[in-house]
Every structure is written in C-alpha cells, then in structure tokens.
Amino acid sequence: PSSSQIFTVPYEKPVSPVVINMIDLKTAVSFIKTDDAGNPVSGAQINLIQAEKNENGEITAVKDTADNDNDIVVHSFVSGSEPIDLSAFVKGQHCYILKEAGVPEGYQKAEDIGFEVSGTVEKPQAVVMYDARNTFTVTIVKTDTSDSDIVLEGAQIGLFDENGEVISDIHGEACIGITDAHGTITWDVLYDPSGYEVRELQAPKGYAKKDIQMYIDLIEMSDENNMIHIHLENSKIPDTGVRNDLKIPAGIFAVSMIS
C-alpha cells in the first residue's frame with residue numbers, strides 16, 4: 001500500500017481543485033532455497049504463514065483462534081531450481097514467516113524466517129532460506145578376489161564428482177588415499193544430490209589394477225546413520241614361473257656365445 005499523506009484544505013474555496021495523488025507500489029518478493037554452498041535445493045515443502053510484530057519488534061506467527069490456535073497458512077509451495085515469486089500472496093508492509101514443513105533427503109531442516117514485505121518492482125526483495133547438507137561416512141574395503149578374508153593394503157582410491165574432479169571431505173582435504181593395514185579407507189563427505197564416483201587409481205602390490213568407476217548414490221546406499229560401506233576386490237597377478245630377478249654372470253654368457 002501507499003504511505004499515509006498529510007494535507008491541508010484551504011478554509012476558503014480554492015481557485016482550483018486540490019488534487020492528491022496516492023500511488024500503490026506493486027510488491028515484488030521472491031523466495032530462494034539453497035544449500036550451504038549456494039546450490040539450489042529442490043523438493044522442500046514451504047509454508048508462508050501470516051505474522052505480525054510484537055511489542056519487542058519480533059515477528060511472530062498470527063494464530064487462528066477458530067482453528068485451535070494453529071498457524072494461518074497463506075500459501076504452500078515446493079522449492080525448485082529457480083526463485084519462486086511470492087508477490088501475489090503477500091501485502092506490502094505486512095509480516096510473514098516462511099516455515100520448512102518438509103525437508104528433502106540429504107539436508108537438515110532450516111530455521112523459520114520472519115520478514116516484513118518491503119520489495120517493489122523497482123527494488124525487488126529476495127528471501128533466502130538455507131538448508132545445511134548432511135554428512136555421510138564412506139568406507140571402502142579392499143580384499144582378495146579369491147579370499148575375502150585377505151585384506152589388501154596399499155590400494156590408492158579416490159572419490160570424484162560428476163565433473164570428474166576430486167572432491168574434498170568435510171575438513172577440506174582431497175578424497176584420495178591409500179588403504180591401510182585393514183584394507184580400508186574412510187572419508188566424511190557432505191551430501192551431493194548428484195552423488196560421487198569411486199575410482200581405483202593404483203592397485204596393491206602384486207595385484208592387477210581394477211578399472212572401476214563405481215557410482216555412489218548417497219541416499220540409496222547409506223544406512224540410518226548415513227554410513228556407506230563399499231567392498232572392492234582385486235585379483236592377484238598370475239605367477240608365470242619366470243623369474244625376472246635372475247642375473248647371468250657376464251663370463252658365463254660370453255662362453256655360451258663362443259661355444
């Protein structure tokens with residue numbers, strides 16, 4: 001709505017009419033849902049709730065006394081990859097609260113956001129809600145193909161994103177490492193809806209390298225504690241019986257050539 005205007009009407013009849021122009025500025029408010037890295041988050045169920053400012057200036061929800069003091073939901077929608085226009089559902093200078101009613105898998109529920117509508121077409125207002133990504137623990141175990149009780153130390157393994165780039169763990173360290181004496185390597189990584197890919201970069205000594213590019217769906221492959229266990233195998237390099245470490249003395253070789 002337009003702001004209030006104070007005006008004075010002359011006591012005597014004015015020569016010309018007094019004209020007062022009041023212009024309603026069209027509201028322009030959009031909603032953006034992202035993760036803690038700034039990537040769009042789709043699939044979140046959001047409620048736009050009617051609110052007001054209390055005596056302390058805090059924005060609080062208006063309760064519906066006719067409906068067991070429940071929140072008054074003005075509009076419900078689902079977040080997508082693009083900003084969502086809320087202009088048709090809000091009024092200028094009024095207060096609202098955005099509440100996440102349904103959280104997409106792989107994310108943590110965001111806190112409620114209270115705001116007062118101030119956006120106009122000339123100066124749009126964007127309300128951003130952040131969902132932190134969950135942490136997943138990925139453990140890879142390397143064993144012998146013919147005997148799973150034989151664990152393989154020394155295999156170099158890496159985790160890659162959809163662009164083929166090595167990802168970083170929650171500590172910012174590159175997810176490339178060597179399996180330990182237990183044949184395992186573990187990383188704590190943040191959720192990515194695109195998933196990750198496991199690659200073997202170097203085989204354990206005495207074993208053939210396995211050219212794998214295994215896709216990891218963090219939701220489908222994890223348990224209730226966000227733990228993912230992957231079992232990979234390597235086959236021994238066949239023993240041909242030829243010893244490459246034997247050295248023939250030069251003198252003996254020379255004699256054999258002469259005879």
Side-chain angles (χ1 to χ4, degrees), residues 33-44 103-111 130-248:
K33 183 74 163 169
T34 72
D35 64 19
D36 43 11
N39 302 308
V41 174
S42 300
V103 187
E105 290 185 306
Y107 298 94
Q108 300 173 28
K109 183 179 179 180
E111 295 183 358
Y130 300 95
D131 273 357
R133 292 173 289 171
N134 285 331
T135 297
F136 289 77
T137 300
V138 179
T139 299
I140 298 171
V141 180
K142 270 286 190 179
T143 64
D144 186 294
T145 302
S146 59
D147 187 350
S148 60
D149 290 332
I150 300 177
V151 295
L152 303 180
E153 181 180 3
Q156 186 181 46
I157 308 292
L159 284 184
F160 298 79
D161 62 19
E162 61 178 344
N163 298 315
E165 301 291 333
V166 177
I167 70 166
S168 297
D169 63 15
I170 61 174
H171 307 294
E173 301 293 330
C175 290
I176 289 184
I178 307 294
T179 54
D180 59 18
H182 302 287
T184 65
I185 186 167
T186 299
W187 295 288
D188 290 325
V189 298
L190 292 174
Y191 175 68
D192 187 329
S194 299
Y196 298 123
E197 188 177 84
V198 178
R199 297 182 190 176
E200 180 174 276
L201 306 177
Q202 181 177 310
K205 185 177 180 181
Y207 286 81
K209 182 175 177 292
K210 195 166 188 176
D211 292 324
I212 60 166
Q213 295 183 5
M214 180 180 180
Y215 174 72
I216 301 177
D217 186 314
L218 296 171
I219 298 298
E220 293 296 328
M221 299 176 66
S222 61
D223 61 18
E224 65 277 6
N225 297 315
N226 292 342
M227 305 283 287
I228 299 173
H229 296 273
I230 298 173
H231 180 203
L232 300 178
E233 299 176 339
N234 286 87
S235 299
K236 285 184 178 181
I237 298 175
D239 186 357
T240 61
V242 178
R243 296 184 60 187
N244 297 322
D245 59 340
L246 291 177
K247 293 184 179 180
I248 302 175

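For clarity, every value in this text was computed on a predicted model and none was experimentally measured. Heavy atoms only: backbone and side chains are in, while hydrogens, waters and symmetry mates are out.
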Residue pair G158 / I176: nearest heavy atoms and the distance that separates them: CA-CG1, 4.1 Å
Short side-chain to backbone donor-acceptor contact, D161 and N163, under 3.5 Å: yes
Smallest separation among heavy atoms of D36 and A132, with atom names: OD2-CA, 3.9 Å
Minimum heavy-atom distance between G164 and R199, given as atom pair plus value: CA-NH2, 3.9 Å
pair V103-Q108: side-chain heavy atoms closer than 4.5 Å: no
Short side-chain to backbone donor-acceptor contact, D223 and N225, under 3.5 Å: yes
Atom CZ of F160: over 12 foreign heavy atoms under 6.0 Å: yes
I150 vs L152 side-chain heavy atoms within contact, under 4.5 Å: yes
L190 side chain reached by T135 side chain, heavy atoms, under 4.5 Å: yes
Heavy atoms from other residues, nucleotides or ligands near NE2 of H231 exceed 12 (cutoff 6.0 Å): yes
Interatomic distance, I157 atom CD1 to L201 atom CG [nearest 0.5 angstrom]: 7.0 Å
Candidate pair I140 and W187, rule side-chain contact (heavy atoms from CB on, under 4.5 Å), full reasoning: CA-CA 9 Å; I140 298 171; W187 295 288; 3.8 Å; yes
Flag side-chain contact, heavy atom, 4.5 Å: V198 against L159: yes
Minimal non-hydrogen separation, D131 against P104, with atom names: OD2-CD, 4.0 Å
Separation of S222 OG from M227 CE (nearest 0.5 Å): 10.5 Å
Validation row: K236, Y207 side chains within 4.5 angstrom (heavy atoms): yes
Geometric class of the Y107/Y191 ring pair [parallel <30°, tilted 30-60°, perpendicular >60°]: perpendicular
Pairwise side-chain contact, L218 with Y196, heavy-atom cut-off 4.5 Å (strictly under): yes
Under 3.5 Å: donor-acceptor pair, side chain of T179, backbone of T184: no
CD1 on I230 to CD1 on I185, rounded to 0.5 Å: 11.5 Å
Which atom of V166 lies closest to which atom of A174, heavy atoms considered: CG1-CB, 4.1 Å
Expected output: side-chain D169 to main-chain D188 donor-acceptor under 3.5 Å: no
Rounded distance (nearest 0.5 Å) linking atom CG of L232 with atom CD1 of I212: 4.0 Å
Nearest-0.5 Å distance that lies between atom OG1 in T186 and atom CD1 in I228: 11.5 Å
Point-to-point distance, once rounded to the nearest 0.5 Å, from CD1 of I216 to CG of D192: 11.5 Å
Where K33 and A44 come nearest, the two heavy atoms and their spacing: CE-CB, 3.8 Å
Candidate list Q156, K210, M214, Q213, test side-chain contact (heavy atoms from CB on, under 4.5 Å), partner E200, passing option: K210
Any side-chain heavy-atom pair of I219 and F136 under 4.5 Å: yes
